[in-house]
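Nothing fancy with the numbering, it's 1 onward along the sequence. Worth saying up front: this structure is predicted, and the values here are computed from it rather than measured.
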Amino acid sequence: MGTAGDAIDTAEGGRRAVWVTRLSIVAGIAAVALILTAAVGAWSRAPWALADPGPWWMPYPGNGWYAATLLLCMAVAYTAHWGPRRRRFWRSRSGSAPASILSIIVGLASASAVLGVSAFAPCARGELPAVRSLTWTILLFVGNLETSAIGPGAVLEQCTGAIPLALTLARFGAIVATFIGAVTVLLVVSREQFSQLQARLSPDVDIVTGLDALSMPLVRALIVEARRRHEPDHWFTRRPHERFGRAPRTRVVVIHPQRDDPLASEAVEAGACVLTGDPTNALMLRPILTTRWGTRSSVRRLYAVSADQQQNLAVLDAAHQMLETAQKKAHDLAGIALIVRRALNAVGDFFTAGGEVPLVSRLIARLDDPREARDWRLRHITKDAWFEDAISVDDLLAGALVARLLTEEAPPPTHLLVAGDTPLTVAVLDRLLWRDWKAATLDRPRHLQRVTVCGPRAERVVRGWSVRRSPADATITPVVVEAQEGDWELVADQFAASADALIVTDPSPDTLVRASRVTRLHPRLLVFAPDPDAGGLSDLDSATGVVRFGPTLLSNGGAPEDSWTSLARLQHARWRSPGDRAAQRRWGSPTDPPGDRLPEFYREDNLRQLRNILQVAPALLHAEWAPVVGGSPTAAITADELDRIAEKEHVRWVQLRVASGWSGLDLIPPEGETASVKARRRKREEERRVSPYLRGWDEGEVAGKHPELLTKLAPEQRTTVITELHETNRDGVRDILGALYHWGIAPKRDGVWLVAPADAAEQTDAPSQTLLDEQHPHRYDRTGTAWAWLLTEPREWQTDTGDTLRGEAGDWWVVTPDGSARTVAASEFPQLYEQVDAQLHRRHGSVSARRLDAPQVVESLEGSVNARAGDWLVTDDRGNSWPVPDAQFRASYRRSEEEPRR
């Protein structure tokens with residue numbers, strides 16, 4: 001089976017221009033013609049090959065142009081042929097010399113042999129002249145020239161005179177072939193030592209320990225990411241005068257205890273450096289984890305993914321010890337040693353662009369149980385400059401299943417069945433809740449409304465999961481999770497009318513057969529079932545109608561994203577805006593082309609922001625990070641404490657950019673600047689590496705290295721810029737603390753967990769109408785947007801009061817940003833919504849509404865609905881009514897100036 005890298009090579013080969021192939025053929029033919037011409041001239045002792053200087057295309061002695069032309073043709077033919085295959089230039093199968101190197105040796109040796117034998121043949125007399133000429137040619141490969149056979153001291157008169165050009169070329173080619181062959185043999189023999197040297201000298205490495213059949217795809221995925229990461233990004237690069245060197249290539253290193261393991265050879269073939277040794281030995285890890293004389297971390301990610309959980313934790317302990325030693329060593333340097341280290345680091349940054357994106361190391365261990373992995377992660381939040389995390393196969397599978405379920409290509413499911421009592425069931429619930437919370441914080445549609453866990457022990461599974469769910473779920477309206485005990489196949493029959501998908505986590509041998517039976521009985525139900533032979537998530541099986549899944553260490557076909565990177569990705573998603581060029585770029589995957597992913601500088605900067613807040617918050621709050629449990633007492637961080645954390649983060653942000661060549665800018669925006677003009681201006685500023693926010697926290701003094709960019713701002717303009725950067729940093733700190741609280745971690749001080757304060761705008765919001773006024777009908781304008789899909793078959797759904805309603809084929813399934821969903825009749829939909837994008841629609845029109853002071857049964861087009869006291873009764877101009885919960889009504893309706901209809 002080919003590797004992912006082979007697939008990319010094949011794609012690149014398919015895109016290679018036809019003229020490159022033709023060029024290699026033409027250059028090769030020209031080189032062969034020149035070799036044969038010189039050989040024929042030397043063998044025949046023709047006057048045009050032995051005469052004094054003549055035309056440049058004649059191979060007379062000392063004709064440098066002829067020799068240069070021959071070498072150029074050979075170089076062009078070689079480069080045009082092997083250039084598109086550069087991935088295999090230095091690698092081969094089974095540790096032998098690569099084909100590209102062998103082709104050089106064979107080509108030079110063949111040309112030298114032809115030219116040498118042709119030059120010596122006329123001068124070989126006596127017994128076995130062919131053997132004598134061949135012997136003299138072989139001596140050329142060790143640097144010996146038989147001067148008695150040819151040249152001024154030749155025995156035969158016809159061979160005296162100048163040495164033919166053919167023999168000169170043969171001597172050069174033979175020596176070069178011998179030298180390259182000797183070096184190749186040396187490298188092949190000392191291949192492991194060479195790989196170890198590469199790993200030690202690389203300033204950017206991904207490390208994998210625990211090589212087995214499950215982790216081999218992870219190694220391939222990391223190699224593909226490393227190659228993509230090294231591709232130049234024209235959207236964000238160094239300025240021309242700074243681009244002396246290239247950013248260092250990420251090198252994938254595999255540490256494996258067995259030298260002769262076939263998997264180790266497979267990893268080498270894929271492009272990894274394989275080192276033999278014990279990964280739990282700190283001394284083994286030290287030269288790989290650190291660079292710059294042991295004072296800077298060189299590891300981007302370390303994956304300890306052995307099936308032995310204790311070994312994985314031991315690897316992380318050894319890595320933690322080495323990084324801690326390097327950190328202490330860097331801090332302890334003083335005097336001359338510090339000056340020398342800074343000078344050498346500056347030289348290294350200049351030549352390799354290594355200082356462009358400082359690495360944030362992530363140490364990741366594989367643990368078997370998803371909840372154990374979560375608890376371990378929360379216990380290992382440290383004040384160090386790196387992250388420690390834990391992943392599990394079940395959690396990665398759960399992420400893939402949830403991502404497949406909640407795709408926006410079709411109406412997403414609202415009711416999900418999960419069958420089984422395995423750790424995968426808990427992982428699926430955790431992933432659903434995390435995705436639901438992210439959608440709420442990003443103001444995106446929350447489709448899923450109900451999850452039913454079924455099986456003989458369903459009540460116990462749901463109860464155990466609920467006890468450990470995050471307290472932050474109280475801040476949103478979470479997905480309803482219920483238990484239904486009994487055989488999961490019978491439960492699927494019971495809920496087939498309302499459920500949209502079924503995930504079976506029970507690994508029993510007959511699971512696939514039973515799942516196939518369910519799909520035959522209920523074709524609209526999308527069923528996922530485990531298969532130990534499936535690697536990750538497969539496509540829908542047309543024969544059984546089941547989506548099979550199996551153990552994997554990949555996520556969406558690539559290397560698994562650690563939890564801290566997921567938080568950094570969420571933070572970036574919150575700040576995507578048309579006015580900020582960095583925020584316009586989606587996070588993407590490292591395997592995406594450079595134009596489709598966030599540049600590495602910003603990816604690492606988001607991680608550094610998270611790392612910095614984890615470090616400074618406990619010191620400024622006089623607290624310690626501690627896991628949050630249900631019912632824990634909480635208190636909001638004061639505005640002054642929030643400002644101090646935000647100031648520390650702003651100082652870090654400024655220092656990083658100044659070190660990377662950025663400068664502050666006193667900018668006076670033009671009057672009446674539109675959003676598009678502002679976006680273009682921000683892009684130009686970024687290309688010049690300037691920012692109006694690159695300034696001090698209090699006084700607003702501009703930072704950077706280019707004072708010629710400065711202009712004079714009026715005091716009120718400077719105050720506006722300072723206020724904007726204050727609010728930006730406060731919002732960033734508030735968002736990160738909120739995400740960590742949802743994770744289940746918060747600063748703890750004197751037995752109280754500290755949480756992010758609410759936004760000032762939220763604190764000052766007040767109802768615009770009194771309760772008494774709201775209980776009378778008034779006109780309201782419909783506002784906001786919603787996502788809508790046309791139903792191709794009837795669909796039942798439940799309100800938050802438990803009423804079951806039904807939409808018919810041709811009606812519309814509508815999901816609002818707060819996650820509520822309902823059907824809208826086909827006759828009513830055009831009056832209430834207008835299309836903006838593929839599924840995005842704008843709410844328009846006005847209605848009459850009043851707030852109910854008592855429960856009431858409302859007859860809607862979809863059926864009878866029980867409305868609660870405090871809900872709103874909405875009536876359109878055609879007399880159709882429906883209830884709307886209070887929170888949803890206030891978010892999507894605005895009081896109109898028009899008089900109510902009586």
Side-chain angles (χ1 to χ4, degrees), residues 1-13 85-102 184 187-199 202 205-230 249-279 284 288 300-308 311-312 315 364 366 391 393 396 532-536 538 550-555 557-560 590-591:
M1 180 180 290
T3 65
D6 291 329
I8 288 183
D9 281 345
T10 302
E12 291 176 351
R85 301 166 177 82
R86 58 188 178 277
R87 176 178 167 267
R88 295 186 291 271
F89 188 90
W90 294 108
R91 294 197 296 277
S92 65
R93 300 176 183 273
S94 306
S96 60
S100 60
I101 303 299
L102 291 177
T184 302
L187 292 180
V188 170
V189 171
S190 59
R191 190 182 190 91
E192 183 174 347
Q193 290 77 7
F194 183 68
S195 295
Q196 187 171 0
L197 180 62
Q198 284 182 311
S202 177
V205 296
D206 281 329
I207 302 175
V208 178
T209 69
L211 187 64
D212 55 22
L214 193 61
S215 60
M216 191 62 220
L218 170 62
V219 174
R220 297 194 190 98
L222 290 173
I223 292 170
V224 173
E225 286 187 11
R227 293 207 310 276
R228 284 293 192 188
R229 187 181 294 116
H230 190 64
R249 183 187 297 273
T250 303
R251 193 169 298 280
V252 179
V253 178
V254 176
I255 304 178
H256 196 54
Q258 302 177 12
R259 184 191 303 269
D260 300 328
D261 191 334
L263 285 175
S265 300
E266 187 177 347
V268 171
E269 179 187 339
C273 294
V274 178
L275 305 183
T276 304
D278 181 9
M284 171 74 186
I288 309 169
R300 180 181 293 270
R301 291 166 296 186
L302 186 153
Y303 288 98
V305 290
S306 167
D308 186 348
Q311 180 180 351
N312 296 335
V315 171
I364 306 163
R366 171 189 168 189
I391 59 175
V393 173
L396 294 174
D533 297 329
S538 67
T552 182
L553 285 175
L554 300 182
S555 176
T591 58

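Summarising the geometry of Pro532 relative to Pro551, their closest heavy-atom pair is O-CD, 4.1 Å, with the distance given to 0.1 Å. Of all non-hydrogen atoms in Ala264 and His256, the two that sit nearest each other are CB-CD2, 4.3 Å. The two residues Ile288 and Val205 come nearest to each other via the heavy atoms O-CG2, 3.7 Å. Residues Ser215 and Gly210 approach most closely at OG-O, 3.0 Å, considering heavy atoms. The heavy-atom pair separating Ala270 from Ile223 by the smallest distance is O-CD1, 3.4 Å. Leu263 and Ala213 get closest at one heavy-atom pair: CD1-N, 3.9 Å.
Between Ile255 and Val315 the shortest side-chain heavy-atom distance does not fall below 4.5 Å. Considering only heavy atoms from C-beta on, Leu222 comes within 4.5 Å of Tyr303 through its side chain. When side chains are defined from C-beta on, Leu218 counts as touching Pro560, because their heavy atoms get closer than 4.5 Å. When side chains are defined from C-beta on, Gln258 does not count as touching Leu211, because their heavy atoms never get closer than 4.5 Å.
Ala307 meets the side-chain contact (heavy atoms from CB on, under 4.5 Å) test with Arg366; sequence neighbours excluded. In this view, Ser555 satisfies the side-chain hydrogen bond (donor to acceptor under 3.5 Å, both in side chains) rule with no residue, not counting sequence neighbours. Scanning for side-chain hydrogen bond (donor to acceptor under 3.5 Å, both in side chains) contacts around Asp308 gives an empty result, with sequence neighbours left out. Scored by the side-chain hydrogen bond (donor to acceptor under 3.5 Å, both in side chains) test, Asn312 finds no partners at all (sequence neighbours excluded). Applying the side-chain contact (heavy atoms from CB on, under 4.5 Å) test to Pro257 and every residue at least two apart in sequence or in another chain returns nothing. Residues satisfying the side-chain hydrogen bond (donor to acceptor under 3.5 Å, both in side chains) criterion with Arg301, sequence neighbours excluded, are Asp206, Glu225.
In this structure, the separation between OG1 on Thr209 and CG on Asp278 is 10.0 Å, given to the nearest 0.5 Å.
For residues 207-217, there are no salt bridge (Lys or Arg N to Asp or Glu O under 4.0 Å) pairs, not counting sequence neighbours.
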Exercise for the section: List the steps, then state whether side chain to side chain contact (heavy atoms under 4.5 Å, CB included) holds for Val393 with Leu214. Expected result: CA-CA 10 Å; Val393 173; Leu214 193 61; 4.1 Å; yes
